[in-house]
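So you know, we letter chains A, B, ... as the sequences are listed, proteins then strands, and number each from 1.
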There are 2 protein chains.
Amino acid sequence: MTTLEDVAKHAGVSLATASRVLNGSSRHVGADLRRRVESAAARLGYRVDATAQTLARGASNVVGLVIQDLIDPYFAVIADGAIRAADRHGMVTTLGTTYRDPEREIALVATLHAQRARVVLLAGSRVADEAVLRRQRAELDVYRSAGGRVAVIGQDVLGTDTVAPRNREGAYDLAVALAGLGHRRFAVLAGPPVLLTAIDRTQGFVEALADLGLPPPLLVHGDFDRDGGRDAACRLIAMDHDVTCVFAVNDLMATGALAGLREHGVRVPRDLSLAGFDGTSSIRDPVPSLATVRLPLARMGAMALDLALSGEGVPRHERVTGEVVLRDSVRPLARTPSVPSAPPVPPASSVPSAPAAVPANRSAASPGARPPHS
Amino acid sequence: MTTLEDVAKHAGVSLATASRVLNGSSRHVGADLRRRVESAAARLGYRVDATAQTLARGASNVVGLVIQDLIDPYFAVIADGAIRAADRHGMVTTLGTTYRDPEREIALVATLHAQRARVVLLAGSRVADEAVLRRQRAELDVYRSAGGRVAVIGQDVLGTDTVAPRNREGAYDLAVALAGLGHRRFAVLAGPPVLLTAIDRTQGFVEALADLGLPPPLLVHGDFDRDGGRDAACRLIAMDHDVTCVFAVNDLMATGALAGLREHGVRVPRDLSLAGFDGTSSIRDPVPSLATVRLPLARMGAMALDLALSGEGVPRHERVTGEVVLRDSVRPLARTPSVPSAPPVPPASSVPSAPAAVPANRSAASPGARPPHS
DNA sequence: CTGTTAGCGCGTTCAA
DNA sequence: TTGAACGCGCTAACAG
């Protein structure tokens, strides 16, 4: 293992000079010595010891990135964006995976703290559990009081820099767009009841329907992943309802729902329209292609890093907007199902006769419709 | 930033004692002092400094993982497997991405060397370019001569520990299975001509056809990713051929090919059967679901780490076997297309009249057929 | 412009 | 069992 001292000796210079040549000191070094040091370093195969640099400088070049699941394209794309950004800053990324366990997330922050990561990025939905949040804040406080910077991609509930997707507004817009296609009875595959992302998206959707004068959607909870979507879809099918359009609160669930529906012979979009949320490119290829709300995921990863690195005193927030993307999985519905030909879904309805038609529908569903929250 | 010395002071013990309590020294410490140290550490929010430990011990706890593209499920799953394995060993993983640029791979090895990673894992196909291989070996030699351990997931051309998928044999088996369905004229979307993985899979497929007495496949090269598959498929369509079955050398290309074929109105599997390679779960959801050769990707990541960590002197190799999975994207073909009804693909044929029927077909294609290489 | 030297936080002899 | 002291590889004053 070649050290800087070896290089200095072979070049016939002092340690300090070798250091100045090989590591970005702004100090100038004579061309001759510089050449000698460089050639010695190359000849000996010298590689700086970043851990020693970290110790000496009191600051590392590692970004700690905590995600929930690397297999989920949502996190893979965010991670890709963050890693590219770190690379641009000349930093390396240490990646940890929680597998959706908040306790593991806390442990990972401690690990990254031990690693002396300069910044920690936490990607993924926060939970609506004050006890968990308290423990997370405590670990983050320890890290920050030691000089660490933190940014969260998700909800601003930990008092950190935050990149927050407009989940509520995106779901609202989506509902408006779907209602604009003539749908009036919806189901929401709503994810776990404690996941803030799932909650926000569900609420935004519900609010939009209320604002449009439409009946509230059927809520079916389930895990936030592919199998959760599949299960929820199966349970939906087993229910007695007159739903024509289903909103799965993330793309993974939508993908699973599509599979589940197909297994039961329910055709999308002919029997049921279906939409997801996130805009991962993985849902471009299922047939039918899935409607969704597209988030700028890679950019979110990069933004989080930039936020954390440029951070001063007060935590700052960046909100990012999702774009409604309608695709083959949703189809327009005739406004009034008065014609008995080809009723979209099972016959009976659990809701009496739906309230009178909503004339404001189409105008409210126009592209100009505003989301509820600033 | 709390240091071990702070803890020692607050506990009224020496630095050495605090070290022994908080970090896995085998030395025994009196129960009383131990308690005092632990409580002081908790009270002060002490977190070990892993960089200082690395320096003092001369060995780090970081695994360097180099992959080509995090968005590609192939690498995401391998990375997931490796990260889990690292976690089991109490190590953290630093992830680098080459974006399929061999030069970046070399640079990343240098970076991870600087980080004093204890092992470096290189995932992804090696290239058939001796100049590149030489530079890669040189960088790895520098790293290894400094005590680093290396394992490659791919081909054994760098003289390292290697986890090598049986690409050739898997493609051979796949060809046999597809021929068993009655297909006789194949195309291979063969990927880049310098990528060993693409080469091996193509060759295995070609060999099988030769062994079965079938004509060689039409080869269409292209990038090793989704768009490469799409482009290749489009070019295939533009050609004059009588192909009934297409083998894309990885799942990403197969997914792209499916999209490309659909755009041009070619229906899979009715007009053309299609198969990929890798067995990423992402191809479960396209419609039709894609046939493939399934590799134990997560396990491969873990194996590579175990190999590197347990490594002694000579490099060792582990070969892993792929399993042919036939799905909806392939369909059986009538043995002799004598009936003029519904010819699968465009009319004319570039091959004269195909040689007389191959009677050995079905038996050669039976499950018992052996792959060519041990 | 170049060299000397004092730490950075911790593990680990070596003595007590 | 406990403590004192040296060194891991490097940076950053400081001195020349």
- Message: Both conditions, 6.0 Å and 45 degrees, for the charged tip of B:Arg149 above the ring of B:Tyr143: are they met here?
- Response: no
- At under 4.0 Å between heavy atoms, what does A:Gly58 touch on the DNA or RNA strands: base, sugar-phosphate, or nothing? nothing
- Task: Look at B:Gln53 and C:dG11 and indicate whether a side-chain polar atom (N or O) is within less than 4.0 Å of OP1 or OP2.
- Result: yes
- Query: Of B:Ala16 and B:Leu55, whose closest DNA chain C nucleotide lies nearer the 5' terminus?
  - Reply: B:Leu55
- Message: Quick check for you: among C:dG11, C:dC8, D:dT2, whose closest atom lies nearest to any side-chain atom of B:Ala56?
- Response: C:dG11
- Query: Only one of A:Arg100, A:Arg126, A:Arg135 clears salt bridge (Lys or Arg N to Asp or Glu O under 4.0 Å) with A:Glu105; which?
  - Reply: A:Arg126
- Query: Less than 4.5 Å apart, any side-chain heavy atom of B:Leu108 and any of A:Val92?
  - Reply: no
- Could you check how far CZ of A:Arg116 sits from C1' of C:dC10, rounded to whole Å? 11 Å
- Query: Rounded to the nearest Å, what distance is computed from the CG atom of residue B:Asp32 to the P atom of nucleotide D:dT1?
  - Reply: 14 Å
- Which heavy-atom pair separates A:Asp278 from A:Leu297 by the least distance, and what is that distance? O-CD1, 4.0 Å
- State whether A:Thr17 places a side-chain N or O below 4.0 Å from either non-bridging phosphate oxygen (OP1 or OP2) of C:dG3. yes
- Message: Here's a test for you: under side chain to side chain contact (heavy atoms under 4.5 Å, CB included), which of B:Leu33, B:Leu4, B:Val37 qualifies with B:Val21?
- Response: B:Val37
- Specify the separation, in whole Å, of atom CG of A:Asp49 and atom C1' of D:dC8. 9 Å
- Task: Provide, to the nearest angstrom, the distance between the CG atom belonging to A:Leu15 and the C1' atom belonging to C:dC8.
- Result: 15 Å
- Item | For atom CZ of B:Arg20 and atom P of D:dT2, their distance in whole Å | 8 Å
- Item | Value in whole Å for how far the C1' atom of C:dG11 lies from CG of B:Leu22 | 13 Å
- Indicate yes or no for a side-chain donor-acceptor contact from A:Thr17 to the backbone of A:Val13 under 3.5 Å, with no hydrogens or angles considered. no
- Message: Can you measure A:Met1 atom CE to D:dC8 atom P for me and round it to whole angstrom units?
- Response: 10 Å
- Item | Residues from residues 2-14 of chain A lying under 4.0 Å of DNA chain C - heavy atoms | A:Val13, A:Ser14
- Starting at CZ of B:Arg36 and ending at P of D:dT1, how long is that distance when rounded to a whole Å? 16 Å
- Just to confirm, is there a sub-4.0 Å distance from OP1 or OP2 of D:dT11 to any side-chain nitrogen or oxygen of A:Asn23? yes
- Where the side chain of A:Val48 is concerned, which of D:dG9, D:dC10, D:dA13 is the nearest nucleotide? D:dC10
- Does a salt bridge link B:Arg134 with B:Glu139, judged by any charged N lying under 4.0 Å from a carboxylate O? no
